[in-house]
Structures are given as structure tokens and as C-alpha cells.
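Accompanying notes for the structure given below.
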Amino acid sequence: MSDPHTETSREADAPAEASRHFIRQIIDADQASGKWGGRVHTRFPPEPNGFLHIGHAKSICLNFGLAKEFGGACNLRFDDTNPVKEEQRYVDSIIEDIRWLGFRWEGEVRFASDYFDFMYECAERLVQDGKAYVCDQTPEEMRKARGTLTEPGTPSPGRNRSPDENLDLLRRMRAGEFPDGSRTLRAKIDMASPNIVMRDPVMYRILHATHHRTGDAWPIYPMYDFAHCLEDSMERITHSICTLEFENNRPLYDWFLDNLGVHHPQQIEFARLILNYTVMSKRKFLELVRDGHVMGWDDPRMPTISGLRRRGYTPESIRAFSEEVGVSKYNSTIDVVRLENAIRDDLNKRAPRRMAVLNPVKVVIENYPEGEVEYLDAVNNPEDASCGVRGVPFAREIYIERDDFMEDPPKKFFRLAPGAEVRLRAAYWITCTGVVKNDAGEIVELRATYDPQTRGGDNPPPDAEGKVRKVKGTLHWVSAQHAVDAEVRMFDRLFTAENPDKRPKDAPEDPPEDWDYKQNLNPESLVTLRGCKLEPMLAERGADEPEWSDGIRRFQFERLGYFCIDADSKPGAPVFNRTVTLKDSWSRAGGK
RNA sequence: UGGGGAUUGGUGUAACGGUAGCACGACUGACUCUGACUCAGUUAGUAAAGGUUCGAAUCCUUUAUCCCCAGCCA
């Protein structure tokens, strides 16, 4: 039962040593004062109008994580108050993503639409109390009457209607008597408030739309500000955690809750996650998918949870990342290398090593007997001895990486070159003895000799003077006759600019409307390699290959990076996705 | 120009009137059958100016900069 994956997942969270960020401190204080009777009840309230992204993952980890940490509970509740934008398929994908991230919610999945009756009752009560009224203004009229940031608004004519008249009108709205957009129900607060949110906000709008759950039962739908606080209240949420932009709305929630005299959760705002080299809005995701810049919402280049999953990210790495970036009210930008680092860190410990040659060049080992094959033991994971070894076939003809050979190498090039000796990982030391080129001058084959005394990659015995020969470089390789062909998709960041939304200074001036973030798309974000050569173990699941909790098979291709098997794979035609490269101080130093 | 938030090394985040710490990055070096991992070391910060105090990142005043709000979206 002690499979290495559950162990790692426990380590990945480690809230005990985690920093006491400001929300933890608030809860600490509440627990100390007994404010909620020791209760901690949070919720994650997505709108089912798109796929979840890494920013949501941070919120999910926060809400579910806090509940777990304080022995409380966290609800999953869909904020489905706008039927024209919401769909069941989004509900399904969101549920899948949260489960995949490893979180379980309290009770059943909840929906704002479950509370529509209650919300409506609340609305009638506010009308009866003279605190809400039906407004007949058109959207344009309402906008003009709202005033500006510096000027107060002017009251709607409907503002002084009697409660009885308002109640009658509201009931007729609810009965479906009026066309879309003809009337609204508004809270009677303060048209001169410096906080525009408080200038008689709309509570209900008329919308004859079919809702994905309530069907045609309702011709009116509550607005977010009115609905959301009541949903939290209904569920007796203690800590209602949301992003910074809702800070302005908090006084309005307070107003609704206090005037209704219902359970009043504490709202706490934190800064949403911003990552560089990517975009993070549903509108842009939709656009990238629609225009074919990516293959879909789950394209491995997308920062969606489904995209990261397909890319090969593990739930553990995303949870660790979320914890590591912290929680504050400062609008900071996180470097994507932090995310890449999180997945490297996890996969380094857990991913079995395999050898794969992506850009192959053949090497013929001239002094190795023709027709002979031997199986050499290769370590599956140097980080975890319990993973054991596997047999890798070796023969006279092998493939190595084209980049691992240079005819005229610079200093400090530890790989293969004419006359140079290198180690083949887990196999023999070879020395390059020749280069075969075609008429175009391209290298088509390398010739080499091997040293039988280095079998397994070991150092050869000392020579007559007691000196031991050494090599600096170790190359990965694959036996030509045993190699399995594969397609490998090399993903890179989707945008070349740190902030894709920012117009570069050298962008053409006119017409300025012509420029948008898509100009920053990275044309090389996907490079598909075909005819890659894999060691045979990669073609089938080996006995020594661990089972991943989500069924996705992930590997380290030695010296290259981490890769996973894509769902596009077919029997005999495997497709791998590159999750992330290994850190490479050679190329960083300008080696390549 | 109204209101609401925010500002600590390159990046992110602690310190809550008493030694500015941690992580990531970068740079050195060690180790190495992955130029990976690991290990050791170096680097660099309180937005500005005043004030209170024995003592200020922390309290006060002023300034600067950034973010959010004028949907019948959430």
C-alpha cells in the first residue's frame, strides 16, 4: 500500500511548515476568539461558463486546503445565475478538474440555482420593507442616471413607488409578464454613494432564457451581488474567500445580509494569480481555440487545468506550486519558471528514466560483433533505489542525438566529436573514428569503436602506469534494430512576451487597433518531431513502471526532460508530450 | 478628478515597536554513469521625504506609483 505517489502527495502539501499568510492569520484569530464556534467552512464557487485555469487552481487549493488544515469543510458550488453563458459541459469539466487536483467537497455538489426560491423570497421581503423597487429604465437610461466616478447619480422614477406597487410588479416579473430587459428589481440604497456599487444596484433582471438546470422555470435571474452573498449565507460559510476586485462589492453584500438579518460570512479578498508568458481570461482562451492557435481548451500549451494535465503536470506539483507562491493582497506576477520548477521537482523524484533519441543520427560501432545483442541494466530512478533496473538492448548500430555530436567542437564540449571518447549511459565507452556524409555534406552516419572493458558504463581498469582513463560526457542512446518510432510534441511557452497583453514599443503605430495580444504568440510553441527513436520499454508498460494516480504515464527521457504519453497515441504509434525540459546549464551558458 | 486596495533584493513571500529572514533565480565551486539531481558559498531589499520613539519595514503626516469600480457579466 505504500505506493510512492501517495507519499509524495503528502509531502507536497506540508501545511504544518507553511507560512502563516494573512488568511491563515485571520482564521487563527477567529479560532482563538471562538468567533465561529471553531467552525471553518469555505467554498469554491465557479461560474460554469468555461474551463478552470491555473489561477482557479490557486483558489481551489486555498479554499479546500484551508478547510482541510483547520478540520473544516469546503463546498463546491456552481454560481449559475446567468443561463445565457453557462453550460452543463463546463460543470462536468470543472468537477473533473477539482477531483483530479485531489480535493473532495462537503456533501453534494451545490448550485446557486438550488436557492432561487429563497433568493426570490428575500427579494420580496426587501420590497415589502421598502428597501427594493422595480425600475423601468432602459439599460442606457440607467447607465446615464448612475452618474460617474466623480458625479453622483440621479434617482430612478421608480424609486418612490409604494411597496405594494413594487410587490405587484415584481410578482408579474416573476410570472413572466414582461419582456427581457424591460424592468429590473433594484436595491434602494444611495444614488450618491461614492462607491458606485451602492448606487441602487440591480438585484434581478428579466431573462426569458432556458437554464441548464432549472429549465424554463424562471423568467427572472438574480444578479451576482445579490445572489452570491445569499448562497454563502445559506450554506453557513464562515470565510468567504474571493479575489481583490470584489472588495468594492463587500459593502453591498453587507447591506443585503444585514437588511435580511441572515447568517453573515466574513469575506476575505486576496490577489489572484498572474503568470507571465501567458494569458488568463476565458474570453482569450475561447478566441485562441476558435482561431485554431491551439488544439482546444486542453491543449498542453494552455494554462487551463485540463491543459496542464495533458501536458503532464501532476496534481501534486500544482498543489505545491499554489502553496509556494503564497497568498497576499499584492498584485504580483509569478514567473512561470516557478511552475516549471514545481513539476520538475515532483517528477524528478517519481518519474522512471528511459532513453529516447529525438533527432537521431546512426552510430556504427565497428568493433562490435555483427548480429550480437546484449541486455544491459539501466537504473530506473537514481532518486529512488526501490525502482530497480531494467534491461536495455545494445547492438552494433545505435542512434544518438544529433546535438550530441560536433565535428568541430568548442572547448568544454563533453560530447562526441572525431577522436573523442564518451560514455553511453549504462553501456560502453565509445570513441568516434569517422564521419560519413552524403553528397550535400550532411552527416548521415558516425563510425566508432567501443571498449569492452567499460561494459555497463564502468570505468576501465587502470593502465600499466596505474592511470585511470576518464570521460566527461555521458550520452543517451537507443539500439537501432530495437528502437520504437514515436511522435514527440515539443511544447514551449505560448507567448514570447512576458506580458502578452502589453503592446511592444516597436509595434506599428497605425492603425493601433490592429494590434492585439495574439501578435505575441510564439510561432514555435509546438514543434512536432516524428521518427523519434525510443527504447523498447517505452512501447509497453513494464512491470517496474509505477502506476500514476491519474493513469497518465510520465517519464524522464534521460538528459532531455519529462514527457508523458498523449491521448492521441494509437497502438504502434505512440505520441509523447514534452512536459518540461531538464535544467540545462550547458545551453544556458551558450553551448547551444 | 470620487471611492476602495496595494507597495520589502531580479521575482515571490515573512518579520505585526527590538538581529530584515526564507524560497525561486542568477553567479562560484564540489559531486556525478543524466551538463540533471544533491551539497556548499556569493549576490541583492524595506517606494520617497518628514515626524514620534532609547529603538520604526512596522505608528503618524505628506508625496509618488500601481491595481479595482461607472454590465440588466461574475
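Treat the numbers as computed from the prediction; the structure is a model and nothing was measured. Only this structure's heavy atoms are used, side chains among them; waters, hydrogens and symmetry mates stay out. In what follows, every chain begins at residue 1, and chains take the letters A, B, ... in the order their sequences are listed.
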Open item on the list: Under 4.0 Å, counting only non-hydrogen atoms across every strand here, what does Q25(A) touch: a base, just sugar-phosphate, or nothing?
Closed with: base
Open item on the list: Please report the distance, rounded to the nearest Å, between CZ in F22(A) and P in G12(B).
Closed with: 16 Å
- [ ] Remember a base hit wins even if backbone is also touched, and classify K412(A) as base, sugar-phosphate or nothing at under 4.0 Å, heavy atoms.
- [x] base
- [ ] Could you pull out all residues at least two apart from R554(A) that satisfy salt bridge (charged side-chain N to carboxylate O under 4.0 Å, His left out)?
- [x] D550(A)
Open item on the list: Once salt bridge (charged side-chain N to carboxylate O under 4.0 Å, His left out) is applied, do any residues pair with R338(A), and if so which ones, sequence neighbours excluded?
Closed with: E324(A)
TODO: Not counting sequence neighbours, which residues clear ring pair (Phe, Tyr, Trp, His ring centres under 6.0 Å) with F51(A)? List them please.
DONE: Y90(A), W297(A)
Task: Set of residues satisfying ring pair (Phe, Tyr, Trp, His ring centres under 6.0 Å) with respect to F557(A), sequence neighbours excluded - done: F563(A), F576(A)
Measure all distances between protein nitrogen or oxygen atoms and nitrogen or oxygen atoms of nucleotides 70-74 of chain B, and list the pairs falling under 3.5 Å.
from, atom 1, to, atom 2, distance (Å)
A70(B), O2', R146(A), NE, 3.4
G71(B), OP2, R146(A), NH2, 3.3
C72(B), OP1, R146(A), NH2, 3.2
C72(B), OP2, R146(A), NH1, 3.1
C72(B), N3, G181(A), O, 3.1
C72(B), N4, Q137(A), O, 2.7
C72(B), N4, G181(A), O, 2.9
C73(B), OP2, R205(A), NE, 3.1
C73(B), OP2, R205(A), NH2, 3.0
C73(B), O3', R205(A), NH2, 3.3
C73(B), O2', N82(A), ND2, 3.1
A74(B), OP1, T81(A), OG1, 2.8
A74(B), OP1, R205(A), NH1, 3.4
A74(B), OP1, R205(A), NH2, 3.0
A74(B), OP2, Y224(A), N, 3.0

Open item on the list: Considering every strand and a 4.0 Å limit on heavy-atom distances, what is the contact class for H476(A): base, sugar-phosphate, or nothing?
Closed with: nothing
List the atom pairs, with distances to 0.1 Å, where a side-chain N or O of residues 270-280 of chain A and a protein N or O form a donor-acceptor pair under 3.5 Å, not counting sequence neighbours.
from, atom 1, to, atom 2, distance (Å)
R272(A), NH2, E245(A), OE2, 2.6
N276(A), OD1, V336(A), N, 2.9

Open item on the list: Whole angstroms only, please: what is the CZ-P distance between R415(A) and U34(B)?
Closed with: 13 Å
TODO: Dot-bracket notation for RNA chain B is requested: 5' to 3', Watson-Crick or G-U wobble pairs only, both distances under 3.5 Å, with ( ), [ ], | and . as defined.
DONE: .((((((..((((....[..))))((((((.......))))))...(((((..]....))))))))))).....
- [ ] Identify whether the distance between the nearest side-chain nitrogen and carboxylate oxygen of R415(A) and E401(A) falls below 4.0 Å.
- [x] no
Task: Whole-Å distance separating the CZ atom of R199(A) from the P atom of G4(B) - done: 13 Å
TODO: Would you give a per-nucleotide map of nucleotides 21-26 of chain B, 5' to 3', where B means the base has a protein non-hydrogen atom under 4.0 Å away, S means only the sugar-phosphate does, and - means neither?
DONE: --BSSS
Task: Nucleotide G45(B), atom C1' - distance to OH of Y330(A) in whole Å - done: 13 Å
Open item on the list: What is the separation between atom CZ on F270(A) and atom C1' on A6(B), rounded to the nearest whole Å?
Closed with: 16 Å
TODO: Would you indicate what E269(A) reaches in the nucleic acid, counting non-hydrogen atoms under 4.0 angstrom: base, sugar-phosphate, or nothing?
DONE: nothing
Open item on the list: Going by the rule salt bridge (charged side-chain N to carboxylate O under 4.0 Å, His left out), which residues pair with K58(A) if we only count those two or more places apart in sequence or in a different chain?
Closed with: none
Open item on the list: Enumerate the salt bridge (charged side-chain N to carboxylate O under 4.0 Å, His left out) contacts for residues 181-194 of chain A, please, sequence neighbours excluded, ordered by first and then second residue.
Closed with: D136(A)-R183(A)
Open item on the list: Going by the rule salt bridge (charged side-chain N to carboxylate O under 4.0 Å, His left out), which residues pair with K282(A) if we only count those two or more places apart in sequence or in a different chain?
Closed with: none
TODO: Name all residues meeting the ring pair (Phe, Tyr, Trp, His ring centres under 6.0 Å) criterion together with F246(A); count only those two or more places apart in sequence or in a different chain, and write none if there are none.
DONE: Y224(A)
TODO: Mind checking V327(A) for me? I need base, sugar-phosphate or nothing, with any heavy atom below 4.0 Å counting as a touch.
DONE: sugar-phosphate
Open item on the list: Can you measure W429(A) atom CH2 to U34(B) atom P for me and round it to whole angstrom units?
Closed with: 12 Å
